[in-house]
There are 2 protein chains.
Amino acid sequence: MPRPRTPLLDRRRIGAAALRIADDQGVLAIPALARDLGVAPSALYHHVSGRGEIISLMREELALETSPDAWDSSQPWEQALEEWARSYRTAFAAHPGAVPLLATAPLAEPFMHAMYEKVAELLLTAGFTASQVMPLINAMESFILGSALDLVAPPVMVSDVTRETAPHLTAVLDDTPTDHRRAELAFDVGLRALITGFRALLPR
Amino acid sequence: MPRPRTPLLDRRRIGAAALRIADDQGVLAIPALARDLGVAPSALYHHVSGRGEIISLMREELALETSPDAWDSSQPWEQALEEWARSYRTAFAAHPGAVPLLATAPLAEPFMHAMYEKVAELLLTAGFTASQVMPLINAMESFILGSALDLVAPPVMVSDVTRETAPHLTAVLDDTPTDHRRAELAFDVGLRALITGFRALLPR
DNA sequence: ACCTGAACACCGTTCAAGT
DNA sequence: ACCTGAACACCGTTCAAGT
């Protein structure tokens, strides 16, 4: 087949299709991606350097899908920070199947700089020192990425042997939901605890 | 070659070798693992069901390497919880190359039940309710896994364009170490914030 | 510049054959 | 029961050839 008058592919479409495929299948295979895009696998290499760059494009697509004004930094910093964290995790939750591929690296790519800038300004304005801010952001991000992975974690199974040898574990599991609310509850309690702990660092 | 009088392989050795290889190479390939163990790749399938189970064995090996009394649950709960979290993350930090393979799922396997039991008892004794405990453990674990991944995160690069368009980000990055202390600081501040936030949930 | 189709090295897994 | 070696389907990537 000849070169089409208008290119069949571009990086944006590759990232979007890859995100959809990974979310559906739980893995990303180049042949499956090419099939979805209606091209030969080799065609992709005219637009990206390889599989790693495709995954980076998936992260970029995720960021693009997430509205940059999904959170309002003009509120009190506790609420703004909570909104940011929730919008960040919601973006992952929209593509659960792709989470293991996406959440294993922070979104350190350049297109994330605008988000970091907004959070850094928020925390500096709140009164945290320059040397405190990046650790706070990193800690929050670790918690968010870990919580995203928790969305697709296999449930803890309470076998009969567990019931005998681990009475306390059994007791607390009996009071823990087994559906999606399990991860929600953990995220909620952790997020609020982090913000409470952050506030304790501020001079009063 | 005939069947050896004493088996060349067992699950423990497979897990240990896989952990070492993944740590060294950053990826786990079955042929490389078999070569390291001095057998043909197909020999492995007499002991494990496949690649997934090998990764599970790696997690088990990690847990076995971590001394079960690496943390003392008889201290005040804040210190015990902190020690637990630190020993958990230290186990990952001992095999940084393998972290992306290991930290993407909580160690939900049965051999982790003893640890969960110990933490559940600790938190119940501290005064948390049965319905609070599992969310607290899950939140802590998400933070620990995220922090383990942060150990091998690519550094955020401050390009010149960043310096102009993101002044606050630039300012805080100038006050942030670029070596291993970056992840340490983030883990420390996050861990203490979480525990502070947890304590605020207790009746006084 | 952009795509195809053939080709390459490699991977995870299965299975018959050997003791 | 435990291992080998051949075999299979599949993967990511390269590259010459086509327009």
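Proteins get letters first, then strands, A, B, ... in listed order; numbering begins at 1 in each.
- With rounding to whole Å, A:L44 atom CG is found 16 Å from D:dC15 atom C1'.
- There is no side-chain donor-acceptor pair under 3.5 Å between B:S73 and B:E121.
- Rounded to whole Å, the distance from CZ on B:R13 to C1' on D:dC2 is 13 Å.
- Checking the phosphate oxygens (OP1, OP2) of C:dT4, no side-chain nitrogen or oxygen of A:H46 falls inside 4.0 Å.
- As rounded to whole Å, 8 Å separates atom P of C:dC11 from atom CZ of B:R35.
- Base pairing of D:dA6: its partner is C:dT14, meeting the Watson-Crick or G-U wobble criterion (both donor-acceptor distances under 3.5 Å).
- Residue contacts shown for B:L33 are absent, as no nucleic acid heavy atom lies under 4.0 Å away.
- Atom CG of A:L28 is separated from atom C1' of D:dC10 by 15 Å (rounded to the nearest Å).
- Atom P of nucleotide C:dA9 and atom CZ of A:R51 are separated by 22 Å, given to the nearest angstrom.
- B:L37 comes within 4.0 angstrom of nothing in the nucleic acid, heavy atoms only.
- Taking the nucleotide of DNA chain C with the nearest heavy atom to each of A:V39 and B:A29, the more 5' of the two is matched to A:V39.
- For B:S42, whose side chain is taken as the heavy atoms from C-beta onward, the closest listed nucleotide among C:dC3, D:dC15, D:dA6 is D:dA6.
- The phosphate of D:dC3 (OP1 or OP2) has a side-chain N or O of B:H47 nearer than 4.0 angstrom.
- Comparing atom distances between the A:P41 side chain and each of C:dG5, D:dT13, D:dC2 picks out D:dT13 as nearest.
- For the residue pair B:Y116 / B:E141, a side-chain donor-acceptor distance below 3.5 Å is found, with atom types taken as modelled.
- With rounding to whole Å, B:Y45 atom OH is found 21 Å from C:dA17 atom P.
- To the nearest angstrom, C1' of D:dC2 lies 12 Å from CD1 of B:I14.
- The base-pairing partner of D:dT19, taking Watson-Crick or G-U wobble contacts with both distances under 3.5 Å, is C:dA1.
- Using a distance-only test at 3.5 Å, with no hydrogens or angles considered, a donor-acceptor pair links the side chain of A:K118 to the main chain of A:W71.
- No side-chain donor from either of A:E53 and A:H47 sits under 3.5 Å from a side-chain acceptor of the other.
- Following rounding to the nearest Å, A:I30 (CD1) and D:dT14 (P) show an atom-to-atom distance of 11 Å.
- Salt bridge status for A:R89 with A:E184: present, with a side-chain N to carboxylate O gap under 4.0 Å.
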